[in-house]
Amino acid sequence: MNKNIIQEIRELVSPTEREKARLEFEGYPNDEEIRKLRAIIESGIILAQQRLVNRAKKEGFTLITCPHGDVVETNPNTITF
């Protein structure tokens, strides 16, 4: 679905109505479950980034990064976690 359409729908439906619909939908994750899933996903992303940086250091190649939207070539030895 188009992200703009989803945002428009969210703006049309009040938070109370969204919460009511969420509670009526069996199996919908609660806020705590969503927080745990986000933490797991973020941990996975960080682990993948660390492995990529370690591989770049080991094999001697640079990385392409986009700090603040600018595409730059980065020495992996300058990256810290």
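Note that the structure is a prediction, hence the values are computed from the model and not measured. Heavy-atom basis, side chains included; hydrogens, waters and symmetry copies ignored.
Ion pairing of Glu33 with Lys36 is absent here, as no side-chain N (NZ or NE/NH1/NH2) approaches a carboxylate O to less than 4.0 Å.
A pairwise comparison of heavy atoms in Asn77 and Asn75 identifies N-OD1, 2.8 Å as the closest pair. When all heavy atoms are compared, the tightest approach of Glu73 to Thr62 is OE2-OG1, 2.5 Å.
Side chain of Asn54 to backbone of Gln50: a donor-acceptor contact under 3.5 angstrom is found.
Between Val72 and Ile64, the closest side-chain pair of non-hydrogen atoms is not below 4.5 Å. Taking 4.5 Å as the limit, some side-chain heavy atom of Leu63 sits within range of a side-chain heavy atom of Val53.
How far CD1 of Ile34 is from CD of Glu32: 10.0 Å, rounded to the nearest 0.5 Å. Interatomic distance, NZ of Lys57 versus CD1 of Ile79, reported as 8.0 Å (0.5 Å rounding).
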